[in-house]
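Quick note on labels: first sequence line is chain A, next is B, and so on, each numbered from 1. Heavy-atom basis, side chains included; hydrogens, waters and symmetry copies ignored.
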Protein chains: 2
Amino acid sequence: MPALEDAPRAPGRPRSVRVDEAIVSATLDLLAEGTTVDVLSIEAIASRAGVGKATIYRRWPGKEALLHDALATLKLPGPELAGESVRDDLIALLSQVGPTGHDPRFPKILPCILPHLSRSPEHYQAYQDIIEPRRNRVRQVLRRGVANGELRADLDIELTMAVLIGPILMQRVVRWHPDLDADKMPEQVVDLLMAGIAPH
Amino acid sequence: MPALEDAPRAPGRPRSVRVDEAIVSATLDLLAEGTTVDVLSIEAIASRAGVGKATIYRRWPGKEALLHDALATLKLPGPELAGESVRDDLIALLSQVGPTGHDPRFPKILPCILPHLSRSPEHYQAYQDIIEPRRNRVRQVLRRGVANGELRADLDIELTMAVLIGPILMQRVVRWHPDLDADKMPEQVVDLLMAGIAPH
DNA sequence: GCGATACGAACCTGTGCCGTTTCGTAACTG
DNA sequence: CAGTTACGAAACGGCACAGGTTCGTATCGC
């Protein structure tokens, strides 16, 4: 974050935005290729980005900080929601989980950072700011459904989110259920649940 | 697997079963402590088990084979099922996913092997013999429910399994939804789904 | 006892990363 | 122009640890 727009303009050669992007992208690439967080090294990132190590250390204090910033670039806003029906909006949102979503690398990256996230509550907390906004979109659609009667009034929102997201995430990350097609799951899962979620 | 019971009894000093167990247990311990598969090393396992490296290489050709054997020891049979209602049986089965299940280390181990499993279809296939039997128990309960009318006749069994297992696994592995209690989820998820699954 | 095998410890050789610094060059301000 | 900062490449010393083998000892059947 470069302070403010109207910064006093520091002297000397300004940092290259290209280099910024190259470093972040190299980090995500390596993760997407199966490099676990513990194996991920500044050296490898630098080499992949065609950049000197010093250039990376000039911007980030270490691997952890770079990783967080890199993952944060994935939190693009979701799609426009039609807003017609809760069912359609949920399907649209859940379809964003996967190669067709914000970044095609996401499903490959996730398993590589899971061990790191599950290491301790602190590690997990550190990435809530990235995870939460996406979850929040689902939450709001569900709330809308409860409000306008499309969904049951006594619905447990958090639980419902878990049941919606969990299966699709598991199928994307590993194909835990070999006989299912991850692309069709959003619609299938929503429809399977609706009968239980809907007022009648 | 030592051939057969009535083996011809090889000459020389026999291999210690204790050592076998120590190696396997050390492997699982390291995984449970957050060691990713790529970081996992024969050296660390040997040291942890109080065993020479040569002793490990004498039994397994490499890390991969040892890992598979170690994980295979986790596939203990599930709990006895009451068989009273499908609901209760499902809850009992799903509760097995977690520290109270077959092996308390399982939830910690899973995230550490996920990157390895998701690396390629081959890696994923290699562990189907371990995963499938557990999934199969859920499948059979669902089939029974369809047969005896406790569940809808047109139920998509595979999809239902995914919706049952996915959320609970995600919550165990990482606490993806911070506000949910993984211990209560089996019952909650089953009940949430039943209304949609049941004939009426 | 004997031969045969298993055992733990120590050793060998190689690889890789860390975090920093130094270099010559490039980009920008005033 | 001079002054300042960024850039890639290379090198730094240091450390950790990998995979595999060797060696003296321990444990077995006969």
Side-chain angles (χ1 to χ4, degrees), chain A residues 1-3 5-27 29-31 33-67 69-70 112 115-116, chain B residues 1-27 29-31 33-70 112 115-116:
Chain A
M1 305 299 143
E5 288 292 344
D6 49 323
R9 191 67 172 97
R13 177 177 173 177
R15 292 192 182 163
S16 159
V17 185
R18 283 233 175 123
V19 169
D20 272 302
E21 292 165 353
I23 295 171
V24 166
S25 190
T27 306
D29 280 347
L30 288 173
L31 289 173
E33 286 165 16
T35 308
T36 312
V37 170
D38 354 59
V39 177
L40 191 66
S41 67
I42 299 285
E43 194 138 335
I45 295 172
S47 158
R48 177 56 161 272
V51 155
K53 279 194 292 181
T55 305
I56 296 183
Y57 281 110
R58 202 174 289 124
R59 295 156 201 246
W60 290 277
K63 180 166 71 174
E64 195 72 20
L66 167 55
L67 180 67
D69 278 11
C112 293
H116 190 245
Chain B
M1 305 296 147
L4 292 167
E5 289 289 345
D6 49 324
R9 191 67 173 98
R13 175 175 174 178
R15 291 189 183 167
S16 159
V17 184
R18 282 225 176 132
V19 169
D20 272 304
E21 292 165 353
I23 294 171
V24 167
S25 189
T27 305
D29 281 346
L30 287 172
L31 289 173
E33 286 165 16
T35 308
T36 311
V37 170
D38 355 58
V39 176
L40 189 67
S41 68
I42 300 287
E43 186 140 337
I45 295 172
S47 158
R48 177 56 161 273
V51 155
K53 280 192 285 184
T55 304
I56 296 183
Y57 282 112
R58 203 173 289 123
R59 295 157 199 245
W60 290 277
K63 181 165 70 174
E64 195 72 18
L66 167 55
L67 179 67
H68 185 276
D69 279 11
C112 294
H116 190 245

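- For A/R15, the side-chain hydrogen bond (donor to acceptor under 3.5 Å, both in side chains) test picks out no residue, with sequence neighbours left out.
- Atom CD1 in A/I45 sits about 15 Å away from atom C1' in C/dG16, given to the nearest Å.
- Judged as a salt bridge (Lys or Arg N to Asp or Glu O under 4.0 Å), the pairs with a partner in residues 38-58 of chain B (not counting sequence neighbours) are, in order, B/E33-B/R48, B/D38-B/R119, B/E43-B/K53.
- Atom CH2 in B/W60 sits about 13 Å away from atom P in C/dA6, given to the nearest Å.
- In this view, A/E64 satisfies the salt bridge (charged side-chain N to carboxylate O under 4.0 Å, His left out) rule with no residue, not counting sequence neighbours.
- Atom-to-atom, OH of A/Y57 to P of D/dC7 comes out at 16 Å; the value is rounded to the nearest Å.
- A/S41 has a side-chain polar atom (N or O) that falls below the 4.0 Å cut-off from OP1 or OP2 of C/dC17.
- Side-chain N/O atoms of A/R15 include one lying less than 4.0 angstrom from OP1 or OP2 on D/dA6.
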Give every pair of a protein N or O atom and an N or O atom of nucleotides 8-11 of chain D that lie under 3.5 Å apart, one pair per line with the distance.
unit_1	atom_1	unit_2	atom_2	d
D/dG8	OP2	A/T55	OG1	2.8

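- Across all their heavy atoms, B/A22 and B/A49 have their closest contact at O-CB, 3.6 Å.
- B/H116 contributes atom NE2, which lies 9.5 Å from atom OG1 of A/T36 (distance to the nearest 0.5 angstrom).
- Closest approach of B/C112 and B/L31 over heavy atoms only: SG-O, 3.3 Å.
- The two residues A/I23 and A/I45 have their closest heavy-atom pair at O-CG2, 3.9 Å.
- Every salt bridge (charged side-chain N to carboxylate O under 4.0 Å, His left out) that B/R59 has, sequence neighbours left out, goes to B/D20.
- Spacing between atom CD of B/E43 and atom P of C/dA9 amounts to 13 Å, rounded to whole angstrom units.
- Straight-line distance from the CZ atom of B/R59 to the P atom of D/dG20: 17 Å, rounded to whole Å.
- A donor-acceptor contact under 3.5 Å links the side chain of A/R13 to the base of D/dA6.
- In this structure, the helix from C/dG1-D/dC30 to C/dG30-D/dC1 shows an angle of 30° between the axis at its start and the axis at its end, each fitted on 5 base pairs and rounded to 10°.
- Between the CG atom of A/D20 and the P atom of D/dA6 there is a distance of 12 Å, rounded to whole Å.
- No side-chain heavy atom of B/V24 sits less than 4.5 Å from a side-chain heavy atom of B/D69.
- The separation between A/D38 atom CG and D/dA16 atom C1' is 15 Å, rounded to whole Å.
- C/dG8 atom P lies 9 Å from atom CD1 of B/I56, rounded to whole Å.
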